[in-house]
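In what follows, a single structure is set out as structure tokens and then discussed.
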2 protein chains.
Amino acid sequence: MPAEAPSRGPGRDIPEATVARLPVYLRALTALEERGIGTCSSEDLAAATGVNSAKLRKDLSYLGSYGTRGVGYDVDYLRYQIAREIGVTQDWPVIIVGIGNLGHALANYSGFRSRGFRVVALLDAAPERHREQVAGLPVRPFDELEDIVDQQQVAIGVIATPAVAAQDVADRMVASGITSILNFAPTVLSVPDGVDVRKVDLSIELQILAYHEQRKGAPEEGGQRPSRRAGTAAGVTA
Amino acid sequence: MPAEAPSRGPGRDIPEATVARLPVYLRALTALEERGIGTCSSEDLAAATGVNSAKLRKDLSYLGSYGTRGVGYDVDYLRYQIAREIGVTQDWPVIIVGIGNLGHALANYSGFRSRGFRVVALLDAAPERHREQVAGLPVRPFDELEDIVDQQQVAIGVIATPAVAAQDVADRMVASGITSILNFAPTVLSVPDGVDVRKVDLSIELQILAYHEQRKGAPEEGGQRPSRRAGTAAGVTA
DNA sequence: TAGATTGTTAATCGATTAACAATC
DNA sequence: TAGATTGTTAATCGATTAACAATC
């Protein structure tokens, strides 16, 4: 029978909630390093990231024991260990499909490179966009997807198309070998097992804020309209 | 002694995980309505949103009993009830601060209006941007923040500035009366109690995908480099 | 009535957190 | 040694889900 996977240490099975926080710690450690700080305690890092320090220590314990009791963590060492765990000690090639307003913004985002990603191609189905040059890259026909993914060994794709196109783009991405998708289109994508999709949705974030905002306006009793409110009635079509 | 808050019904205390899914249901119901579908079961809606149907029914049960056993849910009625619960039966006025690439994209995003939001002002600290007109709105000096928030009764602000400016912008927003912030800048904001902040972070989403991608590359044993990988070593500074 | 589907229960699972022994 | 801080335990909390009685 196969050996048990290690329950801890630089091994497997980090909880999803922890995985989602590791990039936050990584960013904070980089900021500390840039300020010339060589060592920090779990309290320091917790304060910088807005996380409970016990939770932070538990999170780090899934990676291994990289701290020193009574002293704290070596900033650079811990930063490297987290980067290694996430898998961003080298750059991942990424493509962006859909070079409208949002695609432009994503292509020009300078933070990718220093955080483990490199935009290797921009694609768009509209021929009139193929004349453009965005962030130093040509906008290429969508049909070149398979070639690009194959040649550059791309595993991660970003969808910034309108909602109607998103499922088709995702299908083509999956068929071409992409196994991780970051979706900015407001649609639920269906993909086969083994393909990861994460979704960023503007309206949903705002609606979550609106829910809480509404509650603030009327702290007592239900059904109350929020006070901080202007504007006319409008057909909500979410 | 005060009466107990209702544990269910059109009242208080919807779990956060449920609140985050309500906008997803709302969008799916709108899509069903546009397709002319009048009634749907929890299975239908679950399939459309990628949520377990038991979870969906439990989520809806926090709002009240809006379904009919043996029949399902009236699409339009349920849609309205969810919109009311979220608080988007009318438009919320929203301002965007920082009109760079991303701010442009957000200002031009057409989905806001139909989902309960109305962009009432664009602000930027750089004087050279004050000549511009974006999405039919003038880009106004950041100093006008207080006046705009006050006059338009703005409760929700969007930060699309560079990271260094974000905390200052947040402080000014809070001082001017804003109590909900959607933050696109890659910084942890500190705000007083009673102010809600939600964060959208590109690099973090990609890093979470990278973590799982790395695991796919090496299904057995730890420490393996992912296979689908190109590019050179680069200093990761997260 | 028979079939369908909701709303709810209760079991389970995963995440959070205070507390503290281990140890630098 | 005394003080500090990690790594871990165990209690608690919240979220998920299968199952099913209620009921259309």
Side-chain angles (χ1 to χ4, degrees), chain A residues 5-22 24-25 29 32 37-75 77-79 81-82 85 208 211-212, chain B residues 5-22 24-25 29 32 37-75 77-79 81-82 85 208 211-212:
Chain A
S7 64
R8 200 173 308 280
R12 292 301 84 122
D13 251 35
I14 298 182
E16 264 308 299
T18 296
V19 170
R21 283 187 294 265
L22 291 179
V24 180
Y25 304 150
L29 287 164
L32 289 174
I37 294 168
T39 300
C40 70
S41 69
S42 62
E43 286 291 347
D44 295 338
L45 196 50
T49 53
V51 167
N52 175 299
S53 71
K55 179 155 66 176
L56 184 137
R57 288 196 300 278
K58 190 145 194 35
D59 283 342
L60 296 184
S61 78
Y62 291 110
L63 313 194
S65 289
Y66 297 131
T68 307
R69 287 166 205 242
V71 177
Y73 300 92
D74 180 278
V75 169
Y77 180 61
L78 182 58
R79 190 198 58 73
Q81 292 301 339
I82 293 176
E85 190 69 38
I208 295 169
Y211 171 83
H212 294 292
Chain B
S7 65
R8 198 174 310 278
R12 291 303 82 122
D13 253 36
I14 298 182
E16 263 309 299
T18 296
V19 169
R21 283 187 296 265
L22 291 180
V24 180
Y25 304 150
L29 287 164
L32 289 175
I37 294 168
T39 302
C40 71
S41 68
S42 62
E43 287 292 347
D44 295 338
L45 197 50
T49 54
V51 167
N52 174 300
S53 72
K55 179 154 67 176
L56 183 138
R57 287 195 301 277
K58 190 147 194 35
D59 283 343
L60 296 183
S61 77
Y62 291 112
L63 314 194
S65 289
Y66 297 131
T68 307
R69 286 165 206 242
V71 178
Y73 301 92
D74 179 276
V75 170
Y77 180 61
L78 182 59
R79 191 199 57 73
Q81 293 300 339
I82 293 176
E85 190 69 39
I208 295 169
Y211 171 83
H212 295 291

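Chain identifiers are assigned alphabetically (A, B, ...) following the order of the sequence lines, protein sequences preceding nucleic acid strands; residue numbering begins at 1 within each chain.
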Under-3.5 Å N/O pairs linking protein and nucleotides 1-3 of chain C:
none

What are the atom names and distances for every N/O pair under 3.5 Å that joins the protein to nucleotides 12-14 of chain D?
none

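B:Y62 has no side-chain polar atom (N or O) that falls below the 4.0 Å cut-off from OP1 or OP2 of C:dT8. Using a 4.0 Å cut-off, no side-chain N or O of B:T68 falls inside it from OP1 or OP2 of C:dT6. Put simply, B:N52 has a side-chain N or O that comes within less than 4.0 Å of OP1 or OP2 on D:dA18. Between C:dT16 and A:R21, a contact under 4.0 Å exists linking OP1 or OP2 to a side-chain N or O.
In terms of heavy-atom proximity, A:V51 sits nearest to A:L56 at CG1-N, 4.0 Å. Counting all heavy atoms, side chain and backbone alike, B:V75 lies closest to B:L29 at CG1-O, 3.4 Å. The heavy-atom pair separating A:I208 from B:A20 by the smallest distance is CD1-CA, 3.7 Å.
Not counting sequence neighbours, B:T49 has no partner by the side-chain hydrogen bond (donor to acceptor under 3.5 Å, both in side chains) test. Partners of B:S53 according to the side-chain contact (heavy atoms from CB on, under 4.5 Å) rule, which considers only residues two or more places apart in sequence or in another chain, are B:S42, B:E43, B:A46, B:R57. Residues satisfying the side-chain hydrogen bond (donor to acceptor under 3.5 Å, both in side chains) test with B:D59, not counting sequence neighbours, are B:T18, B:R21, B:Y25.
A donor-acceptor pair is defined here as one N or O able to donate and one able to accept, closer than 3.5 Å; no such pair exists between the side chain of A:T68 and the backbone of A:V71.
If you check D:dT16, D:dT6, D:dT8 against the side chain of A:S61, the one that comes closest is D:dT8. Counting only heavy atoms from C-beta on, B:S41 has its side chain closest to C:dT5 among C:dT5, D:dT16, C:dA18. Checking D:dT6, D:dA10, C:dT9 against every side-chain atom of A:Y73, the shortest atom distance belongs to D:dT6. Nearest nucleotide to the side chain of B:R57, out of D:dT6, C:dT16, C:dG7: C:dG7.
If you measure from atom CG of B:L60 to atom P of C:dT6, you get 9 Å, rounded to the nearest angstrom. For the pair B:L45 CG and C:dT5 P, the computed distance is 14 Å after rounding to whole Å. As rounded to whole Å, 11 Å separates atom P of D:dT6 from atom CG of A:L78. A:D74 places its CG atom 15 Å from the P atom of D:dT5, with the value rounded to the nearest Å. Taking atom NZ of residue B:K55 and atom C1' of nucleotide C:dG7, one finds them 17 Å apart after rounding to whole Å. In this structure, B:K58 places its NZ atom 13 Å from C1' of C:dA11, rounding to the nearest Å. Distance, A:D44 CG to D:dT5 P: 8 Å, rounded to whole Å. In this entry the distance linking OH of B:Y25 with P of C:dT6 reads 13 Å, nearest Å.
Taking the six-membered ring where the residue is Trp, the centroids of A:Y73 and A:Y66 are separated by 6.0 Å or more.
For the atom pair CG of B:L78 and SG of B:C40, the computed distance is 6.5 Å after rounding to the nearest 0.5 Å. Between the CG atom of B:L63 and the CG atom of B:L22 there is a distance of 5.5 Å, given to the nearest 0.5 Å. One finds the CG atom of B:D74 at 10.5 Å from the CZ atom of B:R79 (value rounded to the nearest 0.5 Å). For the atom pair B:H212 NE2 and A:I14 CD1, the distance stands at 9.5 Å (nearest 0.5 Å).
Note on A:A54: a base of the nucleic acid sits closer than 4.0 angstrom, heavy atoms only.
Of the residues near DNA chain C, A:L56 and B:C40, the one whose nearest nucleotide (by heavy atom distance) lies more toward the 5' end is B:C40.
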**OP:** Please lay out, stage by stage, how B:L32 and B:L45 fare under the test side-chain contact (heavy atoms from CB on, under 4.5 Å).
**Re:** CA-CA 9 Å; B:L32 289 175; B:L45 197 50; 4.2 Å; yes
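Base-pairing analysis of DNA chain C finds the following stems of at least three consecutive Watson-Crick or G-U pairs, with both pairing distances under 3.5 Å: C:3-24 with D:3-24.
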